[in-house]
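Reviewing the structure listed below.
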Amino acid sequence: MPHDFEIDKDRLREIEVLLPRLKHSVLPTKVIKWLENFNKNEVKSMLDLLSVFEYISYNEFLARLDDLFAELLLKIPNKKDEILIYPFGKFGKSGIFVTYPIAKTKAFEKRKHYIEISNDVKNLKFSNIKHIVFLDDFIGTGNTFIDFYNENLDLQNFIIDNKINSLHILACICMKKAEANIKSKLPSIEVIADFRNKMLVRSETPLHIFNYRDFIKIKSIVEKYGNKFNYTFDKKKVVYGYGESQSFVSFFHSTPNNALSIIWNDRDNWTPLYPRTAITKMSEAREFKKEVSFYINICNKLGIDISKTLLNFGKYFIKSQDELNNTKQDHSIILLLFLKNLKYEDIIICHILGLSKSELNLVYDEAKDYGLIDYSNKITIEGMNFIKRLKSLGKRDKIRRENNHNLAIEEVSYIPIMLNGTT
């Protein structure tokens, strides 16, 4: 059964080492929550699995596209040949999305006067297109492109009528099986991409770095939980992702459903590491703003000693004594009070705290529940007294008393072995 992650120095260091691999795209707490999906004796295997996970940030995405497009352009030596970049897929899909970053690459810049980006072959500015580059971020099975191409008669007629010299697909990542699938159905099209193999096929996987026994354990854990999910594609389980692609990659803008489902599934009481659905992403974005780290810098600028605030006034935010041990402080309430006390307008408060208007209203509602803000969104006498007590506390220079709570914190504290990429 899922477990409560036991935080100790060794585990924290293991997670810390993983963060650069994940490009610091998730907080350590997010990794911990994901690990808590598994049994305690499975955590080590899942940490091993994450050690080969690929997260592609925007800057890396841009760099990869630049390299791949430069490679593709070498196959079109005539620099004055007109090229059509054709993002495939419906509006809102990844192919359309990639049109912005591709136009920001150095490779594009060098030939931009001879490149047109469009997926409407009936309304092109250029009249002498010689090459077509189909664009996407990730190709998992190849079936989406094959269906799109076979069903697009206007495109096929355009290729024939204009005697197109070459057809390419440009993608940041393409599964090797997808390339083979496209080649078998559409042999005239060449795929330019970084290729990846299936994650859980022993002869192909980068998990080769682990011994066979460890590999089998990782595979069995993935299958154990993936088979429990009610999520299906075409009435098939999603253990290995859509089309059983077994990919293990996520991008800054999305996670392909071709990836192993334990990474992105947000149903079945499962906590994903990189969720796919917009609802989950929006919820996580709001929760992130309640994390301690989000507000620490703001607290410092306002002269609030946040550690003393939490240690000494934790009970103030507890509605009942039973909640004392389970309630997490909401820093946004403390900061709201300070900013209101400084007479800032809501629009300025939203800007400082990085909140939307609706998110700020939620903070107001919470503060009202504690009697710190009244129903006209003004600080109550109780709220003003609270601010005074916090300010007076910040001026004191007390030594932390030794108690069980403090000792527990000291037990798990550690010196990071890596900071900002430097050991």
Checklist entry - In chain order, what residues pass the salt bridge (Lys or Arg N to Asp or Glu O under 4.0 Å) check against Arg64, with sequence neighbours excluded? => result Glu54, Glu60, Asp194
Checklist entry - What distance do Glu179 atom CD and Cys174 atom SG have between them, rounded to the nearest 0.5 Å? => result 6.0 Å
Checklist entry - Under the criterion side chain to side chain donor-acceptor pair (under 3.5 Å), which of Lys177, Lys183, Lys185 is the partner of Asn181? => result Lys185
Next on the checklist: Is the distance from the ring center of Trp34 to that of Tyr225 below 6.0 Å?
Outcome noted: no
Checklist entry - Would a line drawn from the ring center of Tyr58 to the ring center of Phe61 be shorter than 6.0 Å? => result no
Checklist entry - Got a second to check how far Asn227's CG is from Ser261's OG, nearest 0.5 Å? => result 8.5 Å
Item to check | Spatial distance of atom CG (Leu47) from atom CZ (Arg11) [nearest 0.5 Å] | outcome: 6.0 Å
Next on the checklist: Does Arg21 qualify as a cation-pi partner of Phe53, given the criterion of NZ or CZ under 6.0 Å from the six-membered ring centre and within 45 degrees of its axis?
Outcome noted: no
Item to check | Phe108 six-ring centre to Lys112 NZ/CZ under 6.0 Å and within 45° of normal | outcome: no
Checklist entry - Can the ring centroids of Tyr86 and Phe134 be said to lie less than 6.0 angstrom from one another? => result yes
Item to check | side chain to side chain donor-acceptor pair (under 3.5 Å) between Asn258 and Ser247, worked out | outcome: CA-CA 6 Å; Asn258 306 82; Ser247 76; 5.6 Å; no
Checklist entry - Should the pair Lys176 and Phe195 be classed as cation-pi, given the thresholds of under 6.0 Å to the six-membered ring centre and 45° from the axis? => result yes
Item to check | Output field: ring centroids Tyr55/Phe252 closer than 6.0 Å | outcome: no
